[in-house]
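This report concerns only the one structure given below.
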Amino acid sequence: MPDAPPLLAMHGINKQFAGIAALVDAEFAVAEGEVHALVGQNGAGKSTLIKILTGYYRRDSGDVTFAGRPFGAASPLASQRAGISTIYQEINLVGFRSVTENICLGRETYRFGLLDWKRMHEEAAALLARFGIEIDVRRPLQDFSTAAQQMVAIARAIGFAARLVIMDEPTSSLSERETQVLLDVIRRLRADGISVVFVSHKLDELYAVCDRVTIMRDGRTVRVAPMAEISKLDLVATMLGRDIGSVARQGATGFGAKGAGAAETLLAVEALAEAPRVRAVDLSVGKGEIVGLSGLLGSGRTETARMLFGVDAPDSGRITLDGRGFTPRAPHDAITAGVGYCTEDRKAEGIVPEMSVRENLTLALLPALARAGVVDEAAQARIVETFITRLGIRCAGPDQPIRQLSGGNQQKVLLARWLCMNPRLLILDEPTRGIDVGAKAEIQALIRELARDGLGVLMISSEIEEIVEGADRAYVMRDGRTVAALDGDALTEQNVMTAMAQGDV
């Protein structure tokens, strides 16, 4: 990039939440008329950095300059008025209002004390025309496609005379054709001298439009490079904190020896799709087998798990369980069929914080424990005591609120919730995230023990080492598709990262 001073410069940014560091001396700079990629895994600090820039959070320390002047927005509105507009993954416009109202909201034009609708309609149409979009701006926004709504959000940003536009996963809900239209719009913004910060986990899109990339990990800026000078594999390795020159099996997890392989298929998935996030997933899980599912954030891993558990319905594809067609229309159907699911977000979708260990552990089993609407408390107590002992759950007693337990012990309670149902298949989405090393090894050893007892396990993990060490086989997803199936000597960190980056091995 040119040696001219950057449009935006964030230097030494620090931010803590309840004593936990979210950003540590983070650096970020964007040049005039540059499309700059900002990437990193969950918890890397991307969102916190953006929220500090746009006035949602206040930084604890560090310096920010924008357009050559010290900058610190007191609110998102102040940031927008200063020339920084943000377009979020979930479009935050008013669906029942017209396109014109959404574009001009907050900067309406008046004539003789009344809204000048004619002028605002003309301005809205002109802004959209810059991007080749011709729609009736008088109609409600909700009448149009997601792609058209995305363009309205961009037009609104430009209408505020934005000099910097931040796009947070803007293509996550778009089709391939719509994505190409959006990428063309980004190129036009760059040609007009408008800078763009592009947050995406879709590598092909980054390489298609971005000039440079900033990679974050654990709240720190770990690398800044021109896109032309960093390979996809190198980018992925940097995001994950791995050295591509020395990737090897290190036996550092607690899984223990792998199984001998599955003799019988339990779950089979063929061409499963839920547009636009899941396009074509193929995988299988055998009885007594741990199968890993890997891929970058946004690759469609969790969406696949949700379809298998009946949370979301697929558009197409086929699922079989024990050789029979399996089409769960709700989680209840999956549970009845012997499928359990530990979600990625333990706090939001797993535990019920104010309930006790006992209540959380038996939550899914309550219908079986109840007679005429009354829970058999003696039977419940026996089950809870059995699983507290079996899984080594450290708690003051079954009536202790689960929120008081450590993350590792909360995760054990969630595992026990499904194990007491005697499932055939257990789907684990990030089973060791946010857990200390000791508890992590205990849970990994438990997963292997369960597989030896005949349970089929589909394990989703962002930690490649966990997949390589713990899974008997693994699949890699990229942009909603299964792009690699790895087992035996082919299941290495190098091959997983290569599939993530390039779509093949």
Side-chain angles (χ1 to χ4, degrees), residues 33 35 50 54-56 73 75-200 202 205 208-209 275-277:
V35 181
I50 289 173
T54 54
Y56 280 92
S75 68
L77 181 59
S79 173
Q80 190 173 60
R81 287 174 174 168
I84 301 173
S85 290
T86 306
I87 300 167
Y88 295 97
Q89 179 177 353
E90 301 298 333
I91 298 172
N92 56 344
L93 300 177
V94 187
F96 63 88
R97 293 292 187 182
S98 70
V99 171
T100 293
E101 287 174 292
N102 275 281
I103 290 177
C104 297
L105 188 65
R107 53 178 194 84
E108 295 84 353
T109 302
Y110 293 88
R111 187 166 184 251
F112 304 126
L114 301 174
L115 289 170
D116 190 344
W117 286 108
K118 181 176 182 297
R119 184 174 174 182
M120 288 194 294
H121 289 323
E122 290 173 349
E123 180 183 352
L127 283 169
L128 290 170
R130 289 176 60 179
F131 310 122
I133 305 297
E134 295 185 6
I135 57 177
D136 185 353
V137 296
R138 294 170 174 79
R139 287 174 56 190
L141 181 69
Q142 62 194 14
D143 289 356
F144 300 98
S145 67
T146 301
Q149 293 182 34
Q150 196 73 270
M151 297 306 167
V152 171
I154 295 173
R156 172 176 165 77
I158 303 307
F160 274 91
R163 297 183 65 180
L164 175 67
V165 177
I166 301 169
M167 298 187 181
D168 187 359
E169 298 285 357
T171 65
S172 60
S173 300
L174 303 184
S175 67
E176 292 185 18
R177 183 187 63 80
E178 292 168 341
T179 294
Q180 290 307 312
V181 172
L182 180 62
L183 296 182
D184 286 339
V185 168
I186 292 173
R187 294 184 183 102
R188 293 180 196 178
L189 293 175
R190 175 171 53 195
D192 290 341
I194 297 171
S195 301
V196 177
V197 174
F198 192 35
V199 181
S200 177
K202 298 182 179 180
E205 296 173 4
V209 296
R277 298 187 180 187

Practice problem: To the nearest 0.5 Å, tell me how far F198 CZ sits from E205 CD. | Solution: 5.0 Å

Quiz item: So how far is it from W117 CH2 to C104 SG, rounded to the nearest 0.5 Å?
Solution: 8.0 Å

Self-check item: R187: side-chain hydrogen bond (donor to acceptor under 3.5 Å, both in side chains) partners, not counting sequence neighbours
Solution: D184

Self-check item: Sub-4.5 Å side-chain heavy-atom contact between I135 and L128
Solution: yes

Quiz item: Considering residues at least two apart in sequence or located in another chain, which fulfil the side chain to side chain contact (heavy atoms under 4.5 Å, CB included) criterion with Q80?
Solution: L77, S85, R156, F160

Exercise. Answer yes or no: is there a side-chain heavy-atom contact under 4.5 Å between D168 and I87?
Key: no

Quiz item: At what distance, to the nearest 0.5 angstrom, does CD1 of I84 lie from CG of L164?
Solution: 5.5 Å

Quiz item: Is R190 atom CZ crowded by more than 12 heavy atoms from other residues, nucleotides or ligands, each under 6.0 Å away?
Solution: yes

Self-check item: Derivation of the side-chain contact (heavy atoms from CB on, under 4.5 Å) call for D116 and Y110
Solution: CA-CA 5 Å; D116 190 344; Y110 293 88; 6.0 Å; no

Quiz item: So, does T86 use its side chain to make a donor-acceptor pair with the main chain of I166 at under 3.5 Å?
Solution: no

Quiz item: Can you name the nearest heavy-atom pair linking M167 to L189, along with the distance?
Solution: CE-CD1, 3.8 Å

Self-check item: N/O donor-acceptor pair under 3.5 Å between D136 side chain and R138 backbone
Solution: yes

Self-check item: Pairs flagged by salt bridge (charged side-chain N to carboxylate O under 4.0 Å, His left out) wherever residues 99-113 is involved - sequence neighbours left out
Solution: R97-E101, R107-E123

Self-check item: Sidechain-backbone polar pair: N102 side chain, V94 backbone, donor-acceptor under 3.5 Å
Solution: yes

Quiz item: So among T100, I103, L127, which one has a side chain to side chain contact (heavy atoms under 4.5 Å, CB included) with V152?
Solution: I103

Quiz item: When rounded to the nearest 0.5 angstrom, what is the spacing between CE in M120 and CG in L115?
Solution: 4.5 Å

Exercise. Could you list the residues that satisfy side chain to side chain contact (heavy atoms under 4.5 Å, CB included) with A125, not counting sequence neighbours?
Key: V137

Practice problem: Determine the sole option in V196, V165, L182 for which the side chain to side chain contact (heavy atoms under 4.5 Å, CB included) test with I154 is passed. | Solution: L182

Exercise. Could you pull out all residues at least two apart from A126 that satisfy side chain to side chain contact (heavy atoms under 4.5 Å, CB included)?
Key: none

Quiz item: Excluding sequence neighbours, so at least two apart, what forms salt bridge (Lys or Arg N to Asp or Glu O under 4.0 Å) with R139?
Solution: D143

Quiz item: Under 6.0 Å from the CZ atom of R188, do we count more than 12 heavy atoms belonging to anything else shown?
Solution: yes

Quiz prompt | Heavy-atom pair of closest approach, residues F96 and P140 | solution = O-CB, 4.0 Å

Quiz item: Closest heavy-atom contact between A73 and T54?
Solution: CB-C, 4.4 Å

